[in-house]
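Notes follow once the structure below has been shown.
The basis for the numbers below is simple: all heavy atoms, side chains too, and nothing from hydrogens, waters or symmetry mates.
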Amino acid sequence: MANESPKSRPPMLSVREALDFLEAAARPVHEAEVVQTLGANGRVLAAAQVSTIDVPSADNTQMDGYAVRAADCASGAASLTVTQRIPAGTVGKPLEAGTAARIFTGAMIPQGADAVVMQEQCEAGPDNTVTIKHAPQAGEWIRRAGEDIEAGGAILAAGTRLRSQELGLAASVGLANLPVYRRLRVAVFFTGDELTMPGEAPGGQLAPGAIYNSNRFTLRALLENLGCAISDFGIVPDTLDATRETLRNAARQNDLIITSGGVSVGEEDHIKPAVEAEGRLNMWQIAVKPGKPLAFGEVDRDDGSAFFLGLPGNPVSSFVTFLLFVRPFILRLQGVSGSVEARAHAMRADFDWPRADRRNEFLRVRINDAGGLDLFPNQSSGVLTSTVWGDGLLDNPAGQTIKAGDIVRFIPFSELQH
């Protein structure tokens, strides 16, 4: 295969084809557990949730002001006796004709009242009176019981990934616990005898040819952001036996194995033969830049198999490949039922990109003060500074040049890392 002529190689997969393949292959976890709502951030709902109460639970006021009968205020200058004061959390007495109740935001509307007049439209007078300088319509500034949520109504669908908003909604209807899918178990390891961990270089000096293992830090952080349970097997020696043994150990207790580096077909790249010996593998050449090589397969174990994804070793290629392909695959494995692809935004490019590529390019860009996008000057797959400087990726189709002023597709990192 190393001597294959370019004409005999299969055509490169498009980004869309690779994503569709991963989507079809994913087997979501099905084991569920019940956790406290307070601790469910980032988890995926295993069952739909319904409300047991109306929200609001009773008619209440949206404003500080006075609860009145609208008919008593039709003149636009009615003088009413204030007979009670109703803060939030208390229940007022029925409102008699010709009277008003001082009421505060969130408080229940007393029986008999059908409108609230905001305090700015009222003038307090002597002897517990108030002049209502407005002719309200029935229902004004009143939130009706069940206006937001009705008892028995569905509030969250199965497969929803829980964020702060969903947790607040669940709590608002009294759900103290939620059924969620268990955490996805992901193993990681890194191949390459040239790799060194920060802090471990003798005398603080890298040996000739050595590099620090930045991918370990990047990939672990990305997995943590996605709420995965991580097993880190560290740096594995560049031998077939060591790679096979690590794959077997990783497959026993994990749903997915991710590696970085060693996905080429050279003599020192042992990922391909190791995975093929322990399971099965597709070596993909994807029409994407950066991140052309991607390996996808499965590693067998006694009770089934663990998925395998081999990422390129170049730091930016590994990072971008994870964001584009691994992230949506993980979300689908976690049981997310909605869209798992990051949203792109139409924005203006404030630079020229005259060199069209046959691959779909993902350029590191930053939003400028004029609301356009600036380009990092060095788009090499080894320049991690571009990912720190940038706000996201510009999705540039194959064969496409860019002129300043063109509208392009921008995917913020904030959409890709959670």
Side-chain angles (χ1 to χ4, degrees), residues 22 25-33 35 39-44 46 161-163 180-192 195-200 212-237 242-263 271 274-275 278-279 291 294-299 301 303-313 315 317-336 340 384 387 413 416-418:
L22 290 168
R27 297 186 302 268
V29 298
H30 58 271
E31 301 93 341
E33 58 186 350
V35 301
N41 190 37
R43 304 296 293 272
V44 179
R161 191 159 178 247
L162 298 169
R163 306 167 297 170
V180 297
Y181 292 116
R182 66 162 173 82
R183 292 189 185 277
L184 192 73
R185 296 189 286 263
V186 182
V188 294
F189 68 88
F190 307 86
T191 61
L195 296 177
T196 300
M197 286 295 292
E200 295 181 0
Y212 286 122
N213 185 9
S214 62
N215 286 346
R216 187 178 190 183
F217 294 82
T218 304
L219 295 180
R220 279 190 58 129
L222 289 167
L223 291 168
E224 288 169 1
N225 289 346
L226 292 171
C228 299
I230 304 167
S231 297
D232 188 344
F233 288 82
I235 300 171
V236 174
T243 306
R244 288 186 63 178
E245 181 182 4
T246 306
L247 285 170
R248 287 193 297 270
N249 292 334
R252 289 191 184 104
Q253 298 295 327
N254 291 284
D255 307 296
L256 172 64
I257 304 167
I258 297 175
T259 65
S260 174
V263 293
I271 291 294
V275 177
E278 300 294 334
L294 180 68
F296 174 68
E298 297 184 52
V299 177
R301 60 177 182 233
D303 62 345
S305 63
F307 285 111
F308 173 84
L309 279 166
L311 308 185
S317 296
S318 181
F319 177 66
V320 171
T321 303
F322 185 101
L323 298 181
L324 296 180
F325 303 108
V326 182
R327 175 187 172 274
F329 186 62
I330 283 177
L331 291 175
R332 200 60 86 204
L333 293 181
Q334 289 174 328
V336 175
V340 293
L384 267 178
T387 66
F413 285 141
L416 289 163
Q417 297 193 60
H418 298 280

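Between the side chain of Gln334 and the main chain of Leu226, a donor-acceptor pair closer than 3.5 Å is present. Within the 3.5 Å criterion, the main-chain N or O of Val299 finds no donor-acceptor partner in the side chain of Arg248. Judged purely by atom type and a 3.5 angstrom limit, Arg216 has no side-chain atom pairing as donor or acceptor with the backbone of Val188. Within the 3.5 Å criterion, the main-chain N or O of Ser318 finds no donor-acceptor partner in the side chain of Thr321. Remark: the backbone N or O of Gly261 is paired with a side-chain donor or acceptor of Thr191 at under 3.5 angstrom.
To the nearest 0.5 Å, the span separating CG on Leu256 from CD1 on Ile230 amounts to 11.0 Å. Interatomic distance, Tyr181 OH to Arg161 CZ, rounded to the nearest 0.5 Å: 15.0 Å. One distance of note links OG of Ser317 with CG of Leu294; it measures 11.0 Å at 0.5 Å rounding. Going from atom OG1 of Thr218 over to atom CG of Asn213 covers 9.0 Å, rounded to the nearest 0.5 Å. Atoms CD and CZ, from Glu33 and Arg43 in turn, are 4.5 Å apart once rounded to the nearest 0.5 Å.
Looking at Asn41 and Leu162, their side chains never come closer than 4.5 Å, going by heavy atoms from C-beta outward. Using a 4.5 Å cut-off on side-chain heavy atoms (C-beta onward), Leu223 and Ile258 make contact. Side chains of Val326 and Leu222 form no contact here, defined as non-hydrogen atoms less than 4.5 Å apart. Side-chain atoms of Leu311 and Phe325, non-hydrogen and from C-beta on, never get closer than 4.5 Å to each other. With a 4.5 Å cut-off on side-chain heavy atoms, Ile271 and Phe308 count as touching.
In plain terms, the two heavy atoms of Asn225 and Gln417 that are nearest each other are CB-O, 3.0 Å. The two residues Thr243 and Pro237 make their nearest non-hydrogen contact at OG1-O, 4.0 Å. Annotation for Asn215 and Gly313: closest pair ND2-O, 2.8 Å, computed over non-hydrogen atoms. Residue Val275 comes nearest to Glu298 through the heavy atom pair CG1-O, 4.1 Å, listed as atom of the first residue, atom of the second, then distance. In terms of heavy-atom proximity, Ser260 sits nearest to Phe190 at CB-CD2, 3.7 Å. When every heavy atom of Ala251 is checked against every heavy atom of Arg301, the shortest pair comes out as O-NH1, 2.8 Å.
Among Arg27, Arg182, Arg183, the single residue meeting the salt bridge (charged side-chain N to carboxylate O under 4.0 Å, His left out) criterion with Asp255 is Arg182. Screening Val236, Ile235, Asp232 for a side chain to side chain contact (heavy atoms under 4.5 Å, CB included) involving Phe189 leaves a single residue, Val236.
The aromatic rings of Phe296 and Phe329 stand perpendicular to each other, their planes meeting at an angle above 60°, with 30° marking the opposite boundary.
Counted within 6.0 Å of CD on Gln253, heavy atoms from surrounding residues, nucleotides or ligands total 12 or fewer; the atom is thus considered open.
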Let's go through Thr259 and Thr246 carefully: what are the C-alpha distance in whole Å and the side-chain angles of both, what is the deciding distance for side-chain contact (heavy atoms from CB on, under 4.5 Å) to 0.1 Å, and is it a yes or a no? CA-CA 11 Å; Thr259 65; Thr246 306; over 6 Å; no

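Annotation: Phe413 is in aromatic contact with Phe319 [ring centroid separation under 6.0 Å].
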